[in-house]
Amino acid sequence: MSTQPPRTHHEAAYMSLMRGLRELDLHGPRVPSDLVLIGDHAFPLAMNSRGQVLMAASLYGRGRIVVLGHEGYLTAFPALVENALTWLRGDGSDNLSVGIQRNIMAVADNLSKAGFQANVVGAFSNNLEVGVYVTDAYSVGPDQKHLVAFMKAGGGVLIAGQAWSWAADHPKENTLLQFGGNKVSGVAGIYFSEHPGEVECLPVYPQIPSSWMAVVIGKDFEDDLEFLLQGVSEFDLQGGIIVSEVMVHGPLTFPIGTTKNGQAFLAGAYYGQGRVIVVSHEGLLGRETMAPFWNNAIHWLDEGRQGVVGIAPANALKVLSKSGLQCEKTNFREDLSVFVCTAYSAEKVEEIQNFVAEGGGLLIGGHAWYWAQSHAGQNTMTDFAGNKILNKMGMSLLGAPMTGGLFKAPVPSQAVKDTYHFRHLLRRFAGHVNKGEELTEHEQESLKKLGSDCSNYLNLKAHDCPSYTQVMSTLTDVLLRSGMPQVCGSSPVKSPKDHLLLSVGTELYKVCPNPDALLPHLIKDNPLMPVVYNHRIMINVNTEGREEWISTGLYLSPGMKTYMAIPADIVNKGWKVQIGCQTDKLKAAEIKRAPCVHVQFPITSEMMQVWNLWGGLIYLVAPPKTQVEGVEVVVQMAVPAPYYKSGVTTAADWSLLRTAPSPWAELEFDNIILTVPSDVVRDLERPEELAAHWDAIMRAIADLAAKPHKFPHKERFVADVQISHGWMHAGYPIMMYNTVAADLINVDHARSKGLWGPIHELGHNQQRGCWEFPSHTTECTCNLWSVYVHEEVLGINREQAHEAMTLKNRKKRTEEYAKGGKNLSCWSVWVALETYIQLQEKFGWDAFKRVFAAYHEMSDFPGDNKGKMNLYAETFSYNVEMNLCGFFKAWGWPIEPATEEKLSSLPPWGDHPMVQYD
């Protein structure tokens, strides 16, 4: 099975560099350096069986670089060097002149035979008119900046050497930044590391070599943490601050500040010859309690240059100036030593990245959660401004909000061992799957987070980035070896490992280059179903303040793809195609389906292909405030679903449609749509009777709410094997468990046993903040609709409708509330409902209708419960022409003297039911 990506420019470069080579025999006295690769362009040429990279290539600016892990390889592999020089001089260049540093002049002999013009020099200079420069990693001296500029402008660099012996001689120096060769190659994302590489005879693979063992962290960051955390014991994120999590995913990135469960809010990285720190709220840059850390951070970023710190956000200037370095309020400039900015601008992205790669420091603050909330449907990982800067540097700001607090600073020596890091745990998990390596208890506990991070990482969709394809390849191998859990109601997923595999499988399918090859490994039981072709759907829609799903009566089986022809009228107008009706995202420890089983595709062209790993009913999603009439969508191929629509589907149509093969069915009536397992409707012979039943219920819902019978948008019920919370929950759609779906379809059951739960949820959707007093009435006033519908439509008395509504239970609750001192903190759910039921029993349902109607005419409502309760008491009193202050005060409501004064002219309700408890 091939899950290799289509050939990228890196794959083409690899093939050019390795042309004609069958193997690389590295045996012998030469001990190379293991190379560390970061960024979007660095890719391995030779990788040993331990996943160590011994040769690599990259791009920088308009130029190219090839790095060999030992200088001896320059003469040991003449064919490779010849290929490298051809590639390095660039496409279309006829400059055959090659500058060769004199310490490796032995290379010159081989080059002249290959037609290149060797020019042996003592050092690189700007006057050197060559297309490629060849040097060992030890001879890069003061000319490093010129050599980087040469490469950036389009030149090619071939550099070879090892750093492990230098590191042994310089134990207190930072190999990544101080070793000579790294001052050039590191800018392009390839570093000679202090670790020796193991030598063997390596086959030359037909594509860029890859190994799960190569997903490693490139440095021990203990010395960095010791510097950054000197004199820092805690991080103050208090004061209601909401941050984003920083996902730390690069080989040279590390968390600095984390929550107890390993979520980073502060992280650092090496990028090229520079350094980066990101904090996930810009307000923290100016926080006095964080000053000791910022002092360390600015000096760490400055790397001893004592240069100018340019600060864009005004709030940071005062605190950062305490660092003792020269701080200026300025936008980005290339002459700065450190640049401080927020994560909200995508201006000068490449300039900032190059600034850091060539040695600058970057401190960036900001969160992505607000952007994610206000840009629904967009990809935070790729579209958020800050991530356009940070992704290449191995860090990303995630879209989920995270509450602040007071967090202990880690102990550097412990943090290196214990702190969660995406790459470390991914490498450990791959070893667990591939070699049976045992995971620690802490690692097992972190697997669910790893699954979530894998999903986020895959959303980078950076198929041109070798590091991304390396991780994707690792995840694919893991999944093929382990298989994805076949989750269902009878086989729930419980273990952290299975949670991870399920999450990864779902996301990998969305982004992998060959999903069809992966599908059989993800969904084992996927029977073929009969399909219909070129099915036409007429769209007539008039949405008000929110988006609306338009049912198509069609289903896609898992992994099935189809094309849809879209009318130009709705292209690029905010419309979407949705596959799947179950939109709840599950976060439970035990799940009976994948956490997310629906997908949406923005409609941006007149022909689009859609699919979903989990299959699902096909919908068109209309944006708010949209009016479209008589446009037609054509679905090339799909599975028919049992779909009944009042006034459209005939009895003859239904007799065939109810046997349609889709596992999900929809019944669309005047004001409500029921989405249930198809088994539930197979025996439904008279859907028109069910339609009349639900039409009556929905008319009653509207009546009590004092609204027109025709709903502005139809309500929806969707059944599922598991939902995100509760037994049912309100919203669009209202979610419920499969096990109670049949109750929605059975008229006799509804008229004998009732439908308290479903009507309760419909009541939730009628609640309005202006007459709601959260949290007291959240689960209370919705029950007014339950009582009303049961009595007025279903013919079931309130005492029979729910056991909590028996006189005995009502009286007991009221007495206990009164004896407890009528404390408003205990006034909720059934106790609170009693207040409204007492009003109903005195004044009737019409009083509620008049009150709700009065609210429709009002505006400028109070924002607090006390103000809203006084307004309600006033509104109800006026509508029943009776002063109800005494009644509400008897229930413990905070009725103000001003309200009593307003209502003083109305006759009081002196014999209300609560008088007996005064």
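Residue indices begin at 1 and follow the sequence shown.
- The salt bridge (charged side-chain N to carboxylate O under 4.0 Å, His left out) test applied to Asp498 returns no partner, not counting sequence neighbours.
- For CD of Glu841, the number of neighbouring non-hydrogen atoms (other residues, nucleotides, ligands) closer than 6.0 Å is greater than 12.
- Within the 6.0 Å centre-distance limit, the rings of Trp611 and Phe601 are counted as a close aromatic pair.
- Closest of all the heavy-atom pairs between Arg658 and Ser655 is CG-O, 3.8 Å.
- Under 3.5 Å, the side chains of Glu772 and Thr781 contain a donor-acceptor pair of N or O atoms.
- Tyr563 OH: 12 or fewer foreign heavy atoms inside a 6.0 Å radius.
- Remark: Trp664 pairs with no residue by the side-chain hydrogen bond (donor to acceptor under 3.5 Å, both in side chains) rule, at least two apart or across chains.
- Rounding to the nearest 0.5 Å gives a distance of 10.0 Å between CG of Leu794 and OG of Ser786.
- When only modelled atom types and interatomic distance are considered, Arg546 and His713 share a side-chain donor-acceptor pair under 3.5 Å.
- Identified under the side-chain hydrogen bond (donor to acceptor under 3.5 Å, both in side chains) test for residues 632-651, with sequence neighbours left out: Arg536-Glu632, Tyr643-Glu668, Thr650-Asp653.
- Aromatic ring centroids of Phe843 and Phe848 lie 6.0 Å or more apart.
- Within the 4.5 Å cutoff, no side-chain heavy atoms of Trp614 are placed close to those of Pro558.
- Relative orientation of the His776 and Trp827 rings is tilted, given thresholds of 30° and 60° on the angle between their planes.
- A 6.0 Å sphere centred on NZ of Lys625 holds no more than 12 heavy atoms belonging to other residues, nucleotides or ligands.
- Side-chain contact check for Val633 versus Pro567: some heavy-atom pair is nearer than 4.5 Å.
- With 3.5 Å as the limit, one finds a donor-acceptor pair spanning the side chains of His760 and Glu779.
- Rounded to the nearest 0.5 angstrom, Lys573 NZ and Ile566 CD1 are separated by 13.0 Å.
- Heavy-atom neighbours of Lys710 NZ from other residues, nucleotides or ligands within 6.0 Å: above the threshold of 12.
- Partners of Arg682 by side-chain hydrogen bond (donor to acceptor under 3.5 Å, both in side chains), not counting sequence neighbours: none found.
- Between Thr380 and Leu398, the shortest heavy-atom distance links the atoms CG2-C, 4.4 Å.
- Here the side chain of Thr552 pairs a donor or acceptor atom with the backbone of Ile618 at under 3.5 angstrom.
- Between Ala622 and Thr543, the shortest heavy-atom distance links the atoms CB-CG2, 3.9 Å.
- Counting heavy atoms from C-beta on, the side chains of Met736 and Ile723 never come closer than 4.5 Å.
- The two residues Thr506 and Met484 have their closest heavy-atom pair at N-SD, 4.2 Å.
- Here Asn379 pairs with Thr382 under the side-chain hydrogen bond (donor to acceptor under 3.5 Å, both in side chains) rule; sequence neighbours left out.
- Among pairs with a residue in residues 616-640, those fulfilling ring-ring contact (aromatic ring centres under 6.0 Å, His included) read Trp549-Tyr619, at least two apart in sequence or across chains.
- Asn809 places a side-chain N or O within 3.5 Å of a backbone atom of Glu803 that can act as its donor or acceptor partner.
- Among residues two or more places apart in sequence or in another chain, the side-chain hydrogen bond (donor to acceptor under 3.5 Å, both in side chains) test is passed with Glu792 by none.
- Checking Gln838 against Arg810 by side-chain atom types alone, no donor-acceptor pair falls below 3.5 Å.
- Other residues, nucleotides and ligands contribute at most 12 non-hydrogen atoms within 6.0 Å of the NZ atom of Lys592.
- In summary, the side chains of Trp756 and Asn783 do present a donor paired with an acceptor at a separation below 3.5 Å, with no hydrogens or angles considered.
- Note that NE2 of His375 is 9.0 Å distant from OH of Tyr370, once rounded to the nearest 0.5 Å.
- Under a 3.5 Å cut-off, the side chain of Thr806 and the backbone N or O of Glu799 do not form any donor-acceptor pair.
- Atom CG of Leu528 sits about 9.5 Å away from atom CE of Met560, to the nearest 0.5 Å.
- Under the side chain to side chain contact (heavy atoms under 4.5 Å, CB included) criterion, Pro401 pairs with Ile242, Trp369, Gln373, sequence neighbours left out.
- At distances below 3.5 Å, not a single donor-acceptor pair connects side-chain atoms of Glu548 with backbone N or O atoms of Val621.
- For Asn797 and His790, the side-chain atoms include no donor-acceptor pair closer than 3.5 Å.
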Could you list the donor-acceptor pairs under 3.5 angstrom formed between side-chain atoms of residues 695-707 and any protein atom two or more places apart in sequence or on another chain?
unit_1, atom_1, unit_2, atom_2, d
Asp695, OD1, Asp670, N, 3.4
Asp703, OD1, His709, NE2, 2.6
Lys707, NZ, Gln766, OE1, 2.9

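- A donor-acceptor pair is defined here as one N or O able to donate and one able to accept, closer than 3.5 Å; such a pair exists between the side chain of Asn612 and the backbone of Ile579.
- Note: Leu502 CG to Arg593 CZ = 10.0 Å, rounded to the nearest 0.5 Å.
- For Ser503 against Gly451, the heavy-atom pair with the smallest separation is OG-O, 3.3 Å.
- Legend: residues meeting ring-ring contact (aromatic ring centres under 6.0 Å, His included) with His499, ordered by chain and number and at least two apart, are absent.
- Using a 4.5 Å heavy-atom threshold, the side chains of His535 and Val634 count as separate.
- Remark: His693 engages no residue in a ring-ring contact (aromatic ring centres under 6.0 Å, His included) (not counting sequence neighbours).
- Ring planes of Tyr788 and Trp845: perpendicular class, angle over 60° (limits at 30 and 60°).
- Judged purely by atom type and a 3.5 angstrom limit, Asn540 has no side-chain atom pairing as donor or acceptor with the backbone of Glu629.
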> For Phe852 and Trp785, what are the C-alpha separation, side-chain angles and deciding distance, and is it a ring pair (Phe, Tyr, Trp, His ring centres under 6.0 Å)?
Replying inline: CA-CA 13 Å; Phe852 291 140; Trp785 276 266; 5.5 Å; yes

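- Between the Trp771 side chain and the Val851 main chain, no donor and acceptor come within less than 3.5 Å of each other.
- Applying the side-chain hydrogen bond (donor to acceptor under 3.5 Å, both in side chains) rule to pairs touching residues 731-741 yields Arg716-Tyr732, sequence neighbours excluded.
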> Could you walk me through whether Leu690 and Val747 pass the side-chain contact (heavy atoms from CB on, under 4.5 Å) check?
Replying inline: CA-CA 6 Å; Leu690 184 65; Val747 178; 3.8 Å; yes

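- Nearest heavy atoms, Cys581 versus Val718: O-CG1, 3.7 Å.
- Using modelled atom types, no side-chain atom of Lys510 and backbone atom of Val599 make a donor-acceptor pair closer than 3.5 Å.
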> Could you go step by step and tell me if Lys812 and Glu834 meet the salt bridge (Lys or Arg N to Asp or Glu O under 4.0 Å) rule?
Replying inline: CA-CA 11 Å; Lys812 182 183 176 188; Glu834 185 61 25; over 6 Å; no

